[in-house]
Amino acid sequence: MTLDVLGLLAACSYALDCVEAELVHVTNNHSKRVAYMSVCIAKQMGIQEESLQDLAVCALLHDNALTQYIQEELHNDISQIAVTQEVPKLGAHCIWGEKNVAELPFHTDVSDVILYHHENADGSGPFGKKWDEIPLFSRIIHLCDLLDIACRTKNFAEGTWKVAEQFVQNSTGTMFDRECSDAFLRARCR
C-alpha cells in the first residue's frame, strides 16, 4: 500500500483550518493561503523542487499545535494587526508545533522552521531572534501568516493588494526582513 504523505498532510491542514476558523474566526483555508503565498515568494528567491515542497508542507502545518494556538489566540486580540503593527507573543504553539513535525519525512533540513515562524526581524518575537538568526522558511511563513491575518479576505481584489503592499512596506525592518519583503513585492508584480 502506498501512502500519499503530501495529501495526508494537506487533509490534516484543512481539518486544522476548519477548527481554527470556527473557534478563532480566522478565515477558512488560512494555511493553504499561507502555503500558496510562501511558495510564490520562495520561487522569487530561487527556491525550487524538494525545498519548495518542504516549505509548502511547513506552511500548511505552521499552526499544527492547535490547542496551544487557540489558547494563545483567545487571550490575544490579533484582529487589529494591520493597524497596530503589533503581534502578541505566541510561543507555546511554536514549541509544540516544532515537536509535532520533527519526525515527518522532509527532503531537506527544516529544523526550527515551525519553532521560529512568529519571530520578528527586529528580535521582538517570542524567542528574541533577529532575522539573521531565523531560518529563511520561518521568515517567509511569518510574512505570509501575518499578511493573511492582516488582510482577512477570501480573495485578493486590487484594493486588498494595496493594503497588503502597504502592510508589508510598513512592517519591513520590524516584523519582516528586506529579503522576504522584496520577494513578496516581486511576486505581486508577476
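Here the side chain of E50 pairs no donor or acceptor atom with the backbone of H107 at under 3.5 angstrom. Side-chain atoms of Q44 do not come within 3.5 Å of backbone N or O of A183 as any donor-acceptor pair. Here the side chain of T174 pairs a donor or acceptor atom with the backbone of S171 at under 3.5 angstrom. In this structure, R33 contributes its side chain and D148 its backbone to no donor-acceptor pair below 3.5 Å. Panel note: side chain S124, backbone N120; no donor-acceptor pair is recorded below 3.5 Å. A donor-acceptor pair under 3.5 Å is formed between the side chain of E119 and the backbone N or O of F127. Listed for the D145 side chain is no donor-acceptor partner under 3.5 Å among the backbone atoms of H142. Judged by distance alone, the side chain of S181 and the main-chain N or O of D177 form a donor-acceptor pair under 3.5 Å. Under a 3.5 Å cut-off, the side chain of E133 and the backbone N or O of K130 do form a donor-acceptor pair. A donor-acceptor pair under 3.5 Å is absent between the side-chain atoms of N29 and the main chain of K32, judged by distance alone.
Within a 6.0 Å radius of OH in Y36, no more than 12 heavy atoms belonging to other residues, nucleotides or ligands are found.
Residues A187 and C40 share a closest heavy-atom pair of CB-O, 4.0 Å. The shortest non-hydrogen separation linking P135 to S111 is CG-O, 3.9 Å. Nearest heavy atom pair, residue L115 against residue E98, reads N-OE1, 2.9 Å. Smallest separation of non-hydrogen atoms from G97 and A65: N-CB, 3.5 Å. When all heavy atoms are compared, the tightest approach of P126 to G91 is CB-CA, 3.9 Å.
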Could you please spell out the steps behind the ring pair (Phe, Tyr, Trp, His ring centres under 6.0 Å) verdict for H62 and H30?
CA-CA 10 Å; H62 73 278; H30 167 68; 5.2 Å; yes
Should C144 and I41 be marked as a side-chain contact (heavy atoms from CB on, under 4.5 Å) after you check the CA-CA gap, both sets of side-chain angles, and the distance that decides it?
CA-CA 9 Å; C144 298; I41 289 171; 3.5 Å; yes
Given F167 and F176, is the ring pair (Phe, Tyr, Trp, His ring centres under 6.0 Å) satisfied, shown in steps?
CA-CA 10 Å; F167 176 66; F176 313 132; 5.7 Å; yes
Does V101 form a side-chain contact (heavy atoms from CB on, under 4.5 Å) with L104? I'd like the steps, not just the answer.
CA-CA 5 Å; V101 302; L104 292 179; 3.9 Å; yes
Can C58 and I114 be said to form a side-chain contact (heavy atoms from CB on, under 4.5 Å), step by step?
CA-CA 7 Å; C58 287; I114 303 297; 4.2 Å; yes
Decide yes or no on side-chain contact (heavy atoms from CB on, under 4.5 Å) for I140 and F184, but give the supporting numbers first.
CA-CA 9 Å; I140 293 170; F184 165 76; over 6 Å; no
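You'll find the side chain of K99 reaches within 4.5 Å of the side chain of W96, heavy atoms only. Using a 4.5 Å cut-off on side-chain heavy atoms (C-beta onward), V113 and D54 make no contact. Considering only heavy atoms from C-beta on, F137 stays 4.5 Å or farther from S38 through its side chain. With a 4.5 Å cut-off on side-chain heavy atoms, H118 and S138 do not count as touching.
With values rounded to the nearest 0.5 angstrom, D63 atom CG is found 4.0 Å from H93 atom NE2. Between D122 atom CG and T172 atom OG1 the span is 11.5 Å, to the nearest 0.5 Å. Taken to the nearest 0.5 Å, the OG1 atom of T160 stands 11.0 Å off from the CD atom of E165. Atom CG in D182 sits 9.5 Å away from atom CD in Q169 (nearest 0.5 Å).
Linking ILVMFWY residues whenever their side-chain heavy atoms come closer than 4.5 Å, directly or via other members, leaves L55 and W131 in distinct clusters.
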